[in-house]
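For reference, the structure is listed below as structure tokens.
Note that the structure is predicted; figures quoted are calculated from it, not measured. Numbering starts at 1 and runs along the sequence shown.
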Amino acid sequence: MKDREAGSGSREPKRRSRAGDTAARASKRAETPGATPSPALSAARYETVALVLQGGGALGSYQCGVYEALHDAGLRPNWFAGTSIGAINAAILAGNAPELRIERLREFWNTICRPAGAFAWPANALAAMAGWLPPSAPLDAWMNALGAFGALAQGQQGFFRPRPLPPFAFADGSAAATSFYDTGELKATLERLVDFDRINGDGVRLSVGAANVATGNFRYFDSARERIRPEHVMASGALPPAFPAVAIDGQHYWDGGLVSNTPLEYLLEAEPRTDTLVLQVDLWSARGALPKTMQDVLEREKDIQFSSRTRLGTDTVARRQRLRAALHALLQKVPARDVPAQMLEDLRPWMCDRVFNIIHLIYQAKSYEEQYKDYSFGAATMREHWRSGVEDMRRSLGHPEFFVPPSRRVGVVTHDIHRRR
């Protein structure tokens, strides 16, 4: 159930740039017969390289580490898709030149990981002191809890602040009546760090998902079809009841994670289909241990709710694409005169010989993290998530065979270092 309306000024999805074609030719020349090409050379053989970012609040700095490792390896996605915090990271990446992206990500996360209230300085001082101490699970757990408490009590700079009065004091349908925090600062942060003219001009493609409050329908705002503004990104991350709904063209939207926390299906079903390398970065693991405590129960509930069962989705998409490829191959063998025109027209949407390679990374929660891990915005915790993203992506890059395009006969492949292990 998706809201299919397209904004005015619809534009066709952007095709691969001339630079991408040049890179593809260079990759073929550079490959040594019998040797697996580097990930960057393999990536140049796809028409689309997409970075797909799941929602997950404070866990989102993991995605920044993933991108940093990709950037260092010479991979340059030309389509960013995200939900919630993934939409914010995606907007920063799409809205900046490649050489500025990591700097802008760091500026954003260093900003929002500072408490917004009167106790910001003591909290920052404690975090700095803890950074000088040797690693310790009890210390990490304490810092994690401190970050979560600070977010609830004070908000985060450049992101959100608690309202002066609780929403129960109002009944007028206003933002003050329907949310606990004011996100006005986020708009200013996005306007400072994201070049929306770049996104809406000749830059890479950006897609962000949100849920329509009135209809319950899911909607993707896509720069290939409409002009993206800060409000579209904010809507994707407007998780109730913490944050207020965001009005866009007379409609109100909440966090897309309420319906689907992973934009993967939207990307794989988009037309026209192209040979695509998908780097899917999830922040919640669908698999986990049986809970032993109530804290475990609350954490596991979130993991299941927001994981979006990505692996099930990729398996379903793979079966569907193999059916399309088989149908395409079959009809190539049947003389055109033997296929009724109307039947051919009905089958055309199901004919496709494009290939999709999905490289899946999932943040692996640390033993000291609890159910509040998605709103523990402490600086030390953020840096740990970022390092984990760098390490996991580098491990994936250490398998260059992951990035090689699959055969037309296979159609879709998936790779996951955690499942491999």
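- Between Ile358 and His415, the closest side-chain pair of non-hydrogen atoms is not below 4.5 Å.
- Residue Arg408 qualifies as enclosed at atom CZ: its count of foreign heavy atoms under 6.0 Å is above 12.
- Taking the side chain as every heavy atom from C-beta outward, Thr36 and Val404 approach each other to under 4.5 Å.
- Taking 4.5 Å as the limit, every side-chain heavy atom of Gln63 sits out of range of all side-chain heavy atoms of Met393.
- Across all non-hydrogen atoms, the minimal contact from Leu53 to Ala90 is CD1-N, 3.9 Å.
- Evaluation of the ring-ring contact (aromatic ring centres under 6.0 Å, His included) test over residues 48-86, restricted to residues two or more places apart or in two chains, returns Tyr62-Tyr363, Tyr67-His71.
- Across all non-hydrogen atoms, the minimal contact from Pro244 to Ala175 is CB-CB, 3.8 Å.
- Interatomic distance, CD of Glu231 versus CG of Asp249, reported as 9.5 Å (0.5 Å rounding).
- A distance of 9.5 Å separates CG of Leu193 from CD of Glu103, quoted to the nearest 0.5 Å.
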Requested in this report: Would you check, one step at a time, whether the test side-chain contact (heavy atoms from CB on, under 4.5 Å) holds for Val355 with Val410?
Outcome: CA-CA 8 Å; Val355 297; Val410 173; over 6 Å; no

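- The main-chain N or O of Glu47 is found under 3.5 Å from a side-chain atom of Asn78 such that the two form a donor-acceptor pair.
- Closest approach of Gly74 and Ala40 over heavy atoms only: O-CB, 4.0 Å.
- A heavy-atom distance below 4.5 Å is not found between the side chains of Val66 and Leu279.
- In this structure, the side chain of Thr183 does not engage the main chain of Leu186 through any donor-acceptor pair within 3.5 Å.
- Counting only N and O atoms by type, the side chains of Thr274 and Arg354 include no donor and acceptor under 3.5 Å apart.
- Looking only at side-chain heavy atoms (C-beta outward), Val208 and Thr83 stay at 4.5 Å or farther from each other.
- Using modelled atom types, no side-chain atom of Asp182 and backbone atom of Phe160 make a donor-acceptor pair closer than 3.5 Å.
- Looking only at distances, a side-chain donor or acceptor of Ser260 sits under 3.5 Å from a matching main-chain atom of Thr262.
- The salt bridge (Lys or Arg N to Asp or Glu O under 4.0 Å) check on Glu391 picks up nothing, with sequence neighbours excluded.
- Summarising the geometry of Phe218 relative to Gly209, their closest heavy-atom pair is CZ-CA, 3.8 Å, with the distance given to 0.1 Å.
- We find that Asp222 and Arg227 are not joined by a salt bridge, their nearest charged nitrogen and carboxylate oxygen being 4.0 Å or further apart.
- Ion pair Glu68/Arg101 not flagged as a salt bridge, since none of the NZ, NE, NH1 or NH2 atoms sits closer than 4.0 Å to an Asp/Glu carboxylate oxygen.
- For the atom pair CZ of Phe403 and OG of Ser38, the computed distance is 9.5 Å after rounding to the nearest 0.5 Å.
- Checked options Asp275, Thr276, Asn357; the residue passing with Tyr46 is Asn357 (criterion: side-chain hydrogen bond (donor to acceptor under 3.5 Å, both in side chains)).
- When atom types are taken as modelled, the side chain of His232 and the backbone of Arg229 share a donor-acceptor pair closer than 3.5 angstrom.
- Shown here for Lys187 and Pro230, the closest heavy-atom pair between the two residues is CG-CB, 4.3 Å.
- Going from atom CG of Asn261 over to atom CD1 of Ile85 covers 11.5 Å, rounded to the nearest 0.5 Å.
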Item to complete: Carefully, step by step, assess Phe243 and Phe159 under the rule side-chain contact (heavy atoms from CB on, under 4.5 Å).
Response: CA-CA 11 Å; Phe243 303 151; Phe159 196 170; 4.3 Å; yes

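- Ser84 pairs by the side-chain hydrogen bond (donor to acceptor under 3.5 Å, both in side chains) definition with Asp255, not counting sequence neighbours.
- Annotation: the span from Arg205 atom CZ to Thr48 atom OG1 amounts to 8.0 Å, rounded to 0.5 Å.
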Check: Does the side-chain contact (heavy atoms from CB on, under 4.5 Å) test come out yes or no for Arg192 and Thr111, once each step is laid out?
Finding: CA-CA 12 Å; Arg192 177 168 57 87; Thr111 298; 4.0 Å; yes

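- In this structure, the side chains of Tyr181 and Leu152 come closer than 4.5 Å at one or more pairs of heavy atoms.
- For Thr381 (side chain) and Phe377 (main-chain N/O), no donor-acceptor pair under 3.5 Å exists by modelled atom type.
- A salt bridge links Asp303 to Lys373: at least one charged side-chain nitrogen sits closer than 4.0 Å to a carboxylate oxygen.
- Judged by distance alone, with hydrogens and angles left aside, the side-chain atoms of Gln156 form a donor-acceptor pair with the main-chain N or O of Ile112 at under 3.5 Å.
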Kindly indicate, with the supporting measurements, whether the criterion side-chain contact (heavy atoms from CB on, under 4.5 Å) is fulfilled by Gln371 and Glu301.
CA-CA 9 Å; Gln371 58 89 14; Glu301 178 192 25; over 6 Å; no

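- No side-chain heavy atom of Ile359 sits less than 4.5 Å from a side-chain heavy atom of Val278.
- The closest donor-acceptor contact from the side chain of Thr293 to the backbone of Asp296 lies under 3.5 Å.
- Of all heavy-atom pairs spanning Asn200 and Ile228, the tightest one is OD1-N, 2.7 Å.
- Other residues, nucleotides and ligands contribute over 12 non-hydrogen atoms within 6.0 Å of the OH atom of Tyr375.
- In this structure a side-chain-to-backbone donor-acceptor pair under 3.5 Å is present from Asn89 to Gly60.
- Asp374 is listed as a side-chain neighbour of Lys302, based on a closest heavy-atom distance under 4.5 Å.
- Scanning for side-chain hydrogen bond (donor to acceptor under 3.5 Å, both in side chains) contacts around Ser388 gives Lys366, with sequence neighbours left out.
- Rounding to the nearest 0.5 angstrom, the gap separating the OG atom in Ser307 from the CG atom in Leu283 is 11.5 Å.
- For the side-chain hydrogen bond (donor to acceptor under 3.5 Å, both in side chains) test, residues two or more places apart in sequence or in another chain that qualify with Glu185 are Arg161.
- Identified under the salt bridge (charged side-chain N to carboxylate O under 4.0 Å, His left out) test for residues 54-66, with sequence neighbours left out: none.
- Annotation: cation-pi pair Arg106/Trp386 present, NZ/CZ under 6.0 Å from the ring centroid and within 45° of its normal.
- Asp282 and His360 form a side-chain donor-acceptor contact under 3.5 Å, judged by distance and modelled atom types alone.
- A donor-acceptor pair is defined here as one N or O able to donate and one able to accept, closer than 3.5 Å; such a pair exists between the side chain of Gln54 and the backbone of Trp284.
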